[in-house]
Amino acid sequence: MGMKTYVVGNWKLNFNVGESSIYLHKLQKSLPNYRDVEVVVAPSMLALQPLSLQIDRHKMKLAAQNAFYRDYGAFTGETSFAQLRGIVDYCIIGHSERRHIFGEDDKMVGKKVEAALRNKITPILCIGETESERSFGETADVVRDQLLSGLRDVAEEEIDKVLIAYEPVWAISTTGHSKLASPDEVAEVVKLIRKTLSELYGEKVAEATSVLFGGSVNPSNAGAYLTVPGVNGLLMGGSSLILSEFADIIDIAKRVKS
Ligand code: 13P
């Protein structure tokens with residue numbers, strides 16, 4: 001069996017519980033059961049529990065956008081992976097907005113990846129360089145460092161439960177001045193990610209690990225990104241908020257796959 005293609009929608013801080021539920025209802029109704037395309041949505045924390053009762057897990061899955069690495073305790077305002085266990089199948093970890101707006105460092109990202117796996121939640125580990133890091137020629141070092149620390153506590157037998165998402169910060173639509181990453185630029189970094197994975201876990205494992213791309217993905221460019229060698233899926237923000245666009249991208253993923 002070939003690898004799955006992932007289509008992940010990160011809703012960020014959008015949609016209240018009611019709006020999230022209506023979106024999910026409409027999407028599920030229109031969505032066939034695609035076995036080789038894994039559709040995932042990441043609503044706000046507040047909507048996860050009710051949506052977990054509504055979701056048809058044969059058609060799609062839920063992700064949290066973030067969680068804290070300690071299971072319980074005096075951590076005001078946090079939600080733990082332990083509390084999300086059974087509610088979500090995935091969690092986005094180390095998104096650039098968490099790193100740059102909320103000051104999450106590589107060490108914390110590594111601890112979160114470990115906590116997710118411990119609680120049977122698949123981490124979607126986000127890595128990617130900023131515009132200035134790219135302009136100083138630091139892309140390879142930044143991506144490598146983020147990968148090494150994100151996977152610090154991941155043993156070889158667990159790496160198949162981790163997804164990597166390459167999101168160049170300068171290509172994310174909400175940065176306000178985003179540029180589109182060219183398929184060649186994406187291919188180059190994805191190659192580098194697999195090289196690092198190969199150093200850590202061997203070539204076979206590196207090839208079998210799923211690597212997603214994110215950054216201003218929409219229905220017009222989704223096909224091009226999905227055919228970049230080594231890309232196994234897409235992580236989108238803006239386009240996932242528009243149901244028809246998200247459904248189109250799922251369709252494109254299905255067509256590219258077959
Ligand atoms: P956009 O698709 O809006 O550029 O957002 C990408 C992203 O940050 C997904 O996590």
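Throughout, numbering of the chain's residues begins at 1 and tracks the sequence. As the structure is a computational prediction, the values presented were derived from the model and not from experiment.
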(request) Could you check if a side-chain atom of Val142 sits within less than 4.5 angstrom of a side-chain atom of Thr130, using non-hydrogen atoms only? (result) no

(message) Taking Val8 as the starting point, is it possible to reach Leu243 by hopping between hydrophobic residues whose side chains are less than 4.5 Å apart?
(response) no

(request) Measure the shortest side-chain to side-chain distance between Leu51 and Ser20 over non-hydrogen atoms and say whether it is less than 4.5 angstrom. (result) yes

(request) Search all heavy atoms of Val7 against all heavy atoms of Ala253 and return the closest pair with its distance. (result) CG2-CB, 3.6 Å

(request) Indicate whether the side chain of Gln65 and that of His95 have a donor and an acceptor atom separated by less than 3.5 Å. (result) no

(request) Specify the closest pair of heavy atoms between Val88 and Leu62, including all atoms of both residues, with the distance to one decimal. (result) CB-O, 3.6 Å

(request) State, yes or no, whether a side-chain contact exists between Leu117 and Val162 at a heavy-atom distance under 4.5 Å. (result) yes

(message) If we count only N and O atoms by modelled type, under 3.5 Å, do the side chains of Ser52 and Gln49 hold a donor and an acceptor together?
(response) no

(message) Are the side chains of Glu185 and Arg134 in contact, using a 4.5 Å heavy-atom criterion?
(response) yes

(request) Determine, using the 4.5 Å side-chain heavy-atom cutoff (strictly less than), whether Tyr23 and Ile249 are members of one ILVMFWY cluster. (result) yes

(request) Using a 4.5 Å cut-off on heavy atoms from C-beta on, say whether the side chain of His58 contacts that of Gln28. (result) no

(message) Pairing donors with acceptors under 3.5 angstrom, does anything connect the side chains of Ser182 and Asp184?
(response) no

(request) Report the distance from atom CD1 of Ile127 to atom OG of Ser96, rounding to the nearest 0.5 Å. (result) 12.0 Å

(message) So which atom in Val186 and which in Ala181 form the shortest heavy-atom distance, rounded to 0.1 Å?
(response) CG2-CB, 3.9 Å

(message) Show, in sequence, the C-alpha distance, side-chain angles and deciding distance for Ile250 and Tyr34, and conclude whether the side chain to side chain contact (heavy atoms under 4.5 Å, CB included) test is met.
(response) CA-CA 9 Å; Ile250 296 168; Tyr34 288 145; 3.6 Å; yes

(message) Quick check with a 6.0 Å cut-off and a 45 degree axis cone: is Arg70 positioned over the face of Phe68's six-membered ring?
(response) no

(request) Answer whether the closest heavy-atom distance between the side chains of Ser216 and Ile172 falls below 4.5 Å. (result) no

(request) Answer yes if Val143 and Val228 sit in the same cluster of Ile, Leu, Val, Met, Phe, Trp and Tyr residues linked by side chain heavy atoms under 4.5 Å apart, and no otherwise. (result) yes

(request) Measure the SG-CG distance between Cys126 and Leu235 for me, rounded to the nearest 0.5 Å. (result) 5.5 Å

(request) State whether a side-chain donor-acceptor pair under 3.5 Å links Glu203 with Ser198. (result) no

(request) Identify the two heavy atoms, one from Arg194 and one from Thr209, that lie closest to each other, and give their separation to 0.1 Å. (result) NH1-O, 2.7 Å

(message) Which label fits Phe213 and Tyr225: parallel for a plane angle under 30°, tilted from 30 to 60°, or perpendicular past 60°?
(response) tilted

(request) State whether the number of non-hydrogen atoms from other residues, nucleotides or ligands found under 6.0 Å of Phe136 atom CZ is greater than 12. (result) no

(request) Taking atom types as modelled, find out whether Trp170 and Glu129 have a side-chain donor-acceptor pair closer than 3.5 angstrom. (result) yes

(message) Could you check whether any side-chain heavy atom of Tyr6 comes within less than 4.5 Å of a side-chain heavy atom of Leu234, counting everything from C-beta outward?
(response) no

(message) Tell me the closest heavy-atom pair linking Ser210 and Asn232, and the distance in Å.
(response) CA-OD1, 3.3 Å

(message) For a 4.5 angstrom cut-off between non-hydrogen side-chain atoms, does Lys112 reach Phe81?
(response) yes

(request) Show your reasoning for whether salt bridge (charged side-chain N to carboxylate O under 4.0 Å, His left out) applies to Asp106 and Arg99. (result) CA-CA 8 Å; Asp106 283 340; Arg99 294 176 189 264; 2.7 Å; yes

(request) Would you check if there is a donor-acceptor pair between the side chains of Gln54 and Ser21 at a distance under 3.5 Å? (result) yes

